[in-house]
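Notes to accompany the following structure.
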Amino acid sequence: MPRPVRLRRRLARFVPAVAVAVLVAGCTVPDPQWTQPTSGRPLHAPSAQASGPGGPASQSGGLDIPAADWKPCPDAYKDVFPTAPENTKFDCATVKVPQDWAHPKDSGTFDIAMVRGRSTSQRDRVGSLFINPGGPGGSGWDYGVYRSVYLPAEILRRFDIIGFDPRGVGRSSPVKCFSDADLDQNFGLDPDPATDAGYQQTVALTRKLAQSCGEKYGDKLPLFSTEQAARDMDALRASVGERQLTYLGYSYGTLLGAVYAQLFPKNVRALVLDGAVDPTLSAQASAEKQAAGFELAFSNFSKWCASNTQSCPIAPDARAVVMKAIADARVSPVKGNGRDATAGWVFTAVVSSLYSESSWRLLAQAMQDLRNGKPDKMFRLADAYAERDADGHYSNMFDANSAVNCADSDNVPTVEQSRTLEAQWREKYPLFGGPLALNLICSQWPGKHDPYPTGPATGSAPIVVIGTLGDPATPYEQAPALAKMLGVGTLVTWKGEGHTAYPQTGCIIDAVNRYLIDLRVPPQGTTCEK
């Protein structure tokens with residue numbers, strides 16, 4: 001089985017300076033209006049087995065949606081794997097959706113790119129499993145290719161795996177308004193400037209980035225909102241001939257799934273929302289919770305380092321080493337391969353490594369190498385997060401991230417308020433508080449806003465919501481909050497580290513597989529050990 005070339009799985013909205021680093025919110029949550037059925041018993045929702053892949057046109061949003069015109073695309077693996085995966089066939093299709101679902105017949109269209117991975121040993125097909133990796137801005141197309149190989153065999157035997165790039169992302173009418181040079185400057189800037197001059201430099205850059213998007217897209221900027229993308233998902237469901245949606249969403253993908261469930265509750269077959277976002281939090285509250293989450297994850301890394309000195313060359317005090325590395329980089333950055341390892345790049349490498357416990361060793365070695373004047377491993381971590389290739393070119397991940405976040409956000413701190421929060425949060429969360437207070441691009445965004453709904457998914461089938469206790473990007477407490485908001489949510493907890501849980505441990509795998517295949521809902525409050 002081939003290893004992936006690179007996995008663009010930016011599952012959080014933590015973005016230094018360039019995009020709002022929070023998970024924005026809406027209004028007060030009504031009380032749940034749905035009674036959970038007995039856990040573990042099969043639901044009698046309409047099965048996707050009755051609907052074929054393709055078939056006649058179906059309806060979504062009052063529109064007739066043509067069947068997806070699938071065509072073989074055997075080279076789909078090339079951006080993800082070095083060699084073609086065995087026993088998996090890929091087909092591709094493009095579906096046209098209205099740019100504005102409020103005016104579907106006269107707003108023009110966006111192209112939404114889909115890829116379908118189908119195991120050659122498929123049998124007893126249940127239907128199509130749609131996947132979103134988060135971001136916003138992460139390529140669901142690439143992630144669909146990856147998960148067509150790396151999901152439990154039982155799931156691959158029973159489902160077509162469908163990845164798609166949401167509107168504005170990757171292959172789907174992409175948003176592109178940031179230059180490579182501006183993104184290099186963004187990631188290189190001090191993530192937590194203490195001086196007024198440094199702060200104003202960050203303000204000026206984010207204003208420039210925001211204006212570049214406004215100049216290019218103008219009044220179309222609100223069309224990249226999460227609600228519009230959720231309506232696109234229903235069109236994709238219809239285009240592949242499924243009567244109901246089966247969906248696996250990670251991080252921001254949980255927000256996309258939650259909005260879908262509110263808009264189309266009767267069209268839900270099974271949704272797994274892993275690394276949950278609480279849509280009801282304010283922008284400021286979300287940012288602070290994320291600062292606390294990353295601080296906790298870094299503390300866990302530091303404890304691991306102190307207990308595993310043979311594997312951690314920066315033991316016994318990893319926090320002191322990292323804090324010193326960032327401070328030194330502000331004054332005299334290490335040079336390597338024509339680049340300066342500035343404070344911003346060092347900080348981005350730290351952020352990148354906290355998404356998975358498997359990256360802790362690499363972070364420790366990268367920081368040790370940096371102390372010895374060798375920044376290559378540090379840049380490898382940072383570039384993976386930034387989606388920067390060896391030639392200095394970026395994907396449109398962060399362009400789309402800003403477009404979606406700022407379309408969704410109708411209440412973010414002002415530039416002046418962010419400056420005040422920066423100092424306050426730096427005291428509470430020494431490494432991550434200051435950077436996460438700087439919600440600067442959406443406070444200067446030229447487009448109008450289109451906030452998503454926040455409320456119960458009344459009439460939906462049960463939805464599984466997963467939270468990880470050591471999750472830095474979407475802190476655990478957001479999972480029970482999302483389950484409660486939806487009113488049909490069943491909470492599953494993993495006592496693990498890193499961002500998202502499925503399919504990392506047997507207990508989680510068993511619970512999710514049974515739910516996706518047989519519609520057996522795990523018992524409320526199921527907890528899986530590390």
Side-chain angles (χ1 to χ4, degrees), residues 10 12-25 135-137 178 182-213 281-295 298 322-323 326-327 329-330 342-352 354 382 385-386 397-399 401-406 408-446 472-475:
R10 292 282 64 81
R13 296 169 123 187
F14 185 102
V15 186
V18 72
V20 60
V22 296
L23 307 166
V24 293
F178 300 158
D182 284 344
L183 285 172
D184 267 350
Q185 184 183 359
N186 166 75
F187 283 102
L189 282 178
D190 190 334
D192 184 14
T195 67
D196 287 338
Y199 187 76
Q200 291 306 321
Q201 185 180 15
T202 301
V203 171
L205 176 59
T206 51
R207 182 184 302 118
K208 178 183 179 183
L209 292 167
Q211 289 175 346
S212 70
C213 292
L281 290 175
S282 69
Q284 183 173 320
S286 294
E288 185 169 6
K289 284 184 178 295
Q290 201 170 48
F294 271 96
E295 206 72 45
F298 188 79
V322 170
M323 295 292 280
I326 293 173
R330 290 187 172 107
T342 62
W345 284 114
V346 176
F347 178 77
T348 303
V350 175
V351 170
S352 179
L354 295 180
Y385 181 89
M397 163 76 188
F398 292 98
D399 314 65
N401 184 284
S402 295
V404 175
N405 282 337
C406 297
D408 286 349
S409 308
D410 62 347
N411 181 22
V412 297
T414 66
V415 168
E416 293 74 19
Q417 290 169 335
S418 292
R419 182 60 163 162
T420 300
L421 291 173
E422 180 192 17
Q424 294 173 350
W425 292 4
R426 186 187 298 134
E427 293 296 317
K428 298 169 70 174
Y429 318 106
L431 185 51
F432 298 97
L436 270 162
L438 303 186
N439 303 327
L440 297 176
I441 196 166
C442 288
S443 65
Q444 304 178 91
W445 195 249
T474 51

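This is a predicted model, so every value here is computed, not measured.
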Can you name the closest pair of heavy atoms from Val412 and Ala283 and give their distance? CG1-CB, 4.1 Å

Calculate, to the nearest 0.5 Å, the distance between atoms CZ and CZ belonging to Phe432 and Phe298 respectively. 6.5 Å

Can you name the side-chain contact (heavy atoms from CB on, under 4.5 Å) partners of Ser418, sequence neighbours left out? Tyr199, Pro413, Asn439, Leu440

Does the distance from a Lys or Arg side-chain N to an Asp or Glu carboxylate O, for Arg419 and Glu416, drop under 4.0 Å? no

A side-chain contact here means heavy atoms from C-beta on lying under 4.5 Å apart; do Asp408 and Val404 qualify? yes

Pro435 and Trp425, any side-chain heavy atoms less than 4.5 Å apart: no

Between Thr342 and Gly188, is there a donor-acceptor pair closer than 3.5 Å when you use the side chain of the first and the backbone of the second? yes

Closest non-hydrogen atom pair, Asp184 against Trp345: OD1-CZ2, 3.7 Å

When rounded to the nearest 0.5 angstrom, what distance separates CD1 in Ile441 from CZ in Phe398? 11.5 Å

Quick one: side chain to side chain donor-acceptor pair (under 3.5 Å) partners of Asp190, sequence neighbours excluded? Arg330

Counting only N and O atoms by type, is there a donor-acceptor contact under 3.5 Å from the side chain of Gln417 to the main-chain atoms of Thr414? yes

For Arg426 and Pro193, work out which heavy atoms get closest and say how close. NH2-O, 3.8 Å

If I compare all heavy atoms of Ala343 with all of Ala329, which pair ends up nearest, and what's the gap? N-CB, 3.5 Å

Sequence-distant partners of Gln200, side-chain contact (heavy atoms from CB on, under 4.5 Å), two or more places apart: Val203

Would you say Asn405 and Asn401 are linked by a side-chain donor-acceptor pair, where the criterion is simply a distance under 3.5 Å? yes

Do Pro430 and Met323 touch side chain to side chain, with heavy atoms closer than 4.5 Å? yes

Between the CD atom in Gln284 and the CG atom in Leu436, the distance rounded to the nearest 0.5 Å is 12.0 Å

As a quick check of understanding, evaluate side-chain contact (heavy atoms from CB on, under 4.5 Å) for Gln444 and Lys208, giving each step before the final call. CA-CA 9 Å; Gln444 304 178 91; Lys208 178 183 179 183; over 6 Å; no

Measure the spacing between CG of Leu183 and CG of Asp399 and express it to the nearest 0.5 Å. 6.5 Å

Quick one: pull up OG in Ser443 and CG in Asn411 and give me the separation to the nearest 0.5 Å. 11.5 Å

Hey, are the side chains of Trp445 and Ser409 touching, using non-hydrogen atoms and a 4.5 Å cut-off? no

Verify, without hydrogens or angle tests, whether Gln290 (side chain) and Ala473 (backbone) share a donor-acceptor contact under 3.5 angstrom. yes

Between the CE atom in Met397 and the OG atom in Ser402, the distance rounded to the nearest 0.5 Å is 9.5 Å

Under a 4.5 Å cut-off applied to non-hydrogen side-chain atoms, are Leu431 and Phe294 in contact? no

Thinking salt bridges, do Lys428 and Glu295 make one under a 4.0 Å N-O criterion? no

Does the separation of the ring centres of Phe347 and Phe187 fall below 6.0 angstrom? no

